[in-house]
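To keep things clear, I will list the structure first and then write my remarks on it.
Order of the sequence lines sets the chain letters (A, B, ...), proteins ahead of strands, with each chain counted from 1.
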There are 2 protein chains.
Amino acid sequence: MRQGQISTTGHALLGLLSFAGEVSGYELKQLADRTLRFFWVSPAMSQVYSELGTLDRAGLVEAREEAANGPRPARRYRLTPAGEEELRRWLAQSDVGFPVIKHGVALRLFLGHMVSPDRMEEMLQRYTEQLEGRTAELAQIREGLGDDPAYRYAALVAEWGQRYYREEAEAVQVVLEALSRPRT
Amino acid sequence: MRQGQISTTGHALLGLLSFAGEVSGYELKQLADRTLRFFWVSPAMSQVYSELGTLDRAGLVEAREEAANGPRPARRYRLTPAGEEELRRWLAQSDVGFPVIKHGVALRLFLGHMVSPDRMEEMLQRYTEQLEGRTAELAQIREGLGDDPAYRYAALVAEWGQRYYREEAEAVQVVLEALSRPRT
DNA sequence: GGTCCGATGTTCCAAATAGGAATAGTACGC
DNA sequence: GCGTACTATTCCTATTTGGAACATCGGACC
C-alpha cells in the first residue's frame with residue numbers, strides 16, 4: 001500500500017495522463033471507464049478528483065485553470081516531467097501482485113448447494129450474454145486502435161481481453177453442461 | 001453496497017460458514033484464504049472479525065464462547081437458521097455484477113510504452129511462473145475434493161479456475177511472441 | 001424566446017475494505 | 001527453560017467505493 005505517497009490508482013491515473021494530454025477530472029474518469037475498466041477497477045469519480053489533488057500537490061501533474069470567460073470553466077491536468085519520471089520508476093520497481101478477481105458468478109456457483117438449478121442456469125446464461133456484450137465493446141475498441149504503433153500495447157491488452165472473454169464463455173458452457181448432467 | 005445491512009463480504013462469509021460448521025474468526029480467515037481467494041478478495045483479518053460481529057448482532061450467526069479451562073479459548077461461530085435463510089435469499093435475489101479484475105500485469109502491459117523491453121519480458125515470465133504455482137495449488141485442492149457430491153460445486157469452480165490459469169498462461173505466451181516480433 | 005434534458009464538472013459524505021501492527025496465550029522442538 | 005511458530009483477537013489508519021448534491025452549459029423542442 002505504501003510506495004512513496006502515491007497509491008496504485010494514482011499511478012494508473014498518471015499512466016492514463018501519459019496518453020491523454022490535458023484533461024479535466026471528468027474526462028479522465030471517462031477515459032478510465034473506456035480503458036482501465038477492462039483490466040482494473042475504474043476509480044470512482046470522487047477518487048479521481050482526490051487523487052488528482054494529491055498528484056498535484058506532489059508536483060506529478062500540473063493544473064491549469066481555464067479562462068473564466070470561456071465556456072464551462074474546468075481545471076485541466078497534465079503530466080509533468082516529474083510525473084513521467086515517477087511513473088517510469090513505479091513501472092520499473094513496484095512489485096506486480098497476482099491478479100485479484102471479484103467474480104460474483106464463480107462465488108455463487110461455489111455456493112451452488114444453496115441455489116435453485118433454475119436460478120443458477122439463468123445466472124450463467126445472463127453472464128454469457130454480458131460476455132458477448134463486453135466482447136463486442138472490446139472488439140470495437142480494438143478496431144479503433146488500428147495498427148498505430150502509439151497504441152501497440154493497448155492493442156495487445158485489448159486482444160488479450162477478447163481472448164479472455166471468449167474463454168470465459170466457453171468455460172461457462174462447460175459448467176452448464178456439467179450441471180445438466182445428472183450427478184452420479 | 002446496500003442490501004439490508006449485510007455486505008457482499010458478509011454474505012460470502014455466511015457462505016463459508018455453510019460449509020464449515022463451527023469456526024473461530026481465525027479459522028474462517030484461513031478457510032477464505034484456501035477457497036474464496038481464487039475467485040474473490042479474501043477479506044482482511046480485521047474485516048472477518050468485524051463482519052462476524054455484525055452478523056452476530058443480526059442473528060445470522062451464533063457465537064459460542066469456549067470453556068475457559070480448555071486450551072486456547074476462542075469464540076466459535078456457526079450459521080443460524082436465519083443466517084441460512086438470509087444466504088439463500090441473497091443468492092436468489094442479489095444482482096450479480098460483471099466480474100472486476102485488478103490485473104497488475106495487464107495494467108503494466110497497457111503502459112508498455114514506458115517500460116523497458118527487458119523488464120516487460122521479466123514481468124511476463126514471472127507471471128507465468130506464478131500461474132504455474134497457482135495451477136498446482138488448485139490442482140491439489142481439486143484432488144482433495146474428490147467426487148464427493150458435497151463438494152460438487154466447489155469442484156466445478158476449481159476446474160474453472162484451472163482452465164482460466166491455463167488460458168492465461170497461453171495468452172501470456174502470445175503476448176511474449178508479439179513483443180518479440182519487431183514492430184512494423 | 002423560454003424550458004426541459006442530458007452532458008459536463010466538481011465537491012462532499014458515509015460506508016466498506018485493505019493491510020498490518022500490536023498483543024497474548026499455547027504448543028512443540030531442542 | 002527458551003525460542004519459534006501458530007492460534008486468536010483487537011486496533012488503527014489509509015484507501016476505495018458509491019453515490020448524492022450542486023452548478024453550468026448546449027441543444028432540442030414547442
Side-chain angles (χ1 to χ4, degrees), chain A residues 1-13 20 22-34 36-37 40-58 63-77 94-95 97-98 100-102 104, chain B residues 1-13 22-34 36-37 40-56 58 63-77 94-95 97-98 100-102 104:
Chain A
M1 193 164 280
R2 176 144 302 97
Q3 53 230 334
Q5 281 320 331
I6 308 303
S7 67
T8 305
T9 303
H11 286 106
L13 292 181
E22 201 183 36
V23 291
S24 69
Y26 190 84
E27 287 167 337
L28 191 54
K29 166 62 174 162
Q30 289 201 319
L31 181 57
D33 285 343
R34 271 181 293 123
L36 220 52
R37 178 172 55 112
W40 197 264
V41 186
S42 185
M45 204 73 259
S46 50
Q47 212 197 342
V48 170
Y49 280 96
S50 69
E51 208 62 52
L52 280 172
T54 306
L55 294 172
D56 191 10
R57 279 190 297 284
R64 191 173 60 85
E65 210 71 47
E66 231 162 41
N69 59 346
R72 238 183 328 275
R75 230 169 303 125
R76 298 188 171 277
Y77 295 87
S94 64
D95 65 85
F98 195 84
V100 172
I101 309 191
K102 290 175 85 160
Chain B
M1 197 165 282
R2 175 146 301 99
Q3 53 231 331
Q5 278 323 329
I6 309 302
S7 67
T8 306
T9 303
H11 286 106
L13 293 180
E22 202 184 35
V23 291
S24 68
Y26 189 84
E27 287 166 339
L28 191 55
K29 165 63 174 163
Q30 288 201 320
L31 181 57
D33 285 342
R34 272 181 292 123
L36 220 53
R37 178 173 54 112
W40 198 262
V41 186
S42 186
M45 204 72 260
S46 50
Q47 213 196 339
V48 171
Y49 280 95
S50 70
E51 207 62 53
L52 280 172
T54 306
L55 294 172
D56 192 9
R64 190 174 61 84
E65 210 70 48
E66 229 162 43
N69 59 347
R72 240 182 328 276
R75 229 170 304 126
R76 295 185 173 280
Y77 295 87
S94 64
D95 65 85
F98 195 84
V100 172
I101 308 192
K102 289 173 85 159

Spacing of [X] atom [atom1] relative to [N] atom [atom2], expressed in whole Å:
X	N	atom1	atom2	value
B:Glu51	D:dT9	CD	P	16 Å
B:Asp56	D:dT10	CG	P	12 Å
A:Asp95	C:dG19	CG	C1'	14 Å
B:Glu65	D:dT9	CD	C1'	11 Å
A:Tyr77	C:dG9	OH	P	13 Å
A:Tyr49	D:dA23	OH	C1'	12 Å
A:Arg37	D:dG18	CZ	P	14 Å
A:Gln47	C:dT10	CD	C1'	16 Å

Hey, could you give me the [atom1]/[atom2] distance between [X] and [Y], rounded to the nearest 0.5 Å?
X	Y	atom1	atom2	result
A:Thr9	B:Lys102	OG1	NZ	6.0 Å
A:Tyr77	A:Asp56	OH	CG	5.5 Å
B:Ile101	A:Arg37	CD1	CZ	12.5 Å

Between [options], which one does the side chain of [X] approach most closely?
X	options	result
B:Val41	D:dA8, C:dA18, D:dT9	C:dA18
B:Arg75	D:dT10, C:dT17, C:dA18	D:dT10
B:Ser7	C:dA16, D:dT9, C:dG9	C:dA16

Main-chain N/O of A:Tyr26 paired with A:Tyr49 side-chain donor or acceptor, under 3.5 Å: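 Yes: the side chain of A:Tyr49 pairs with the backbone of A:Tyr26.
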With the threshold set at under 4.0 Å for non-hydrogen atoms, list the residues of residues 23-34 of chain A touching DNA chain C in residue-number order.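 Result for residues 23-34 of chain A: A:Ser24, A:Gly25, A:Tyr26, A:Glu27, A:Gln30, sorted by number.
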For D:dC12, does OP1 or OP2 lie under 4.0 Å from any side-chain N or O of B:Ser46?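 Answer is no, no contact under 4.0 Å.
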Do A:Thr8 and A:Ser94 come within less than 4.5 Å of each other through their side chains, counting heavy atoms only?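 Of all side-chain heavy-atom pairs linking A:Ser94 with A:Thr8, none is under 4.5 Å.
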Could you check B:Ser50 against B:Met45 and say which one's nearest nucleotide on DNA chain C is further toward the 5' end?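 This one resolves to B:Ser50.
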Do B:Arg76 and B:Glu22 sit within salt-bridge range, that is, some charged N less than 4.0 Å from a carboxylate O?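 Answer for the salt bridge query: no.
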Dump the intermediate steps for side-chain contact (heavy atoms from CB on, under 4.5 Å) on B:Glu51 and B:Ser7, then the final yes or no. CA-CA 9 Å; B:Glu51 207 62 53; B:Ser7 67; 3.5 Å; yes
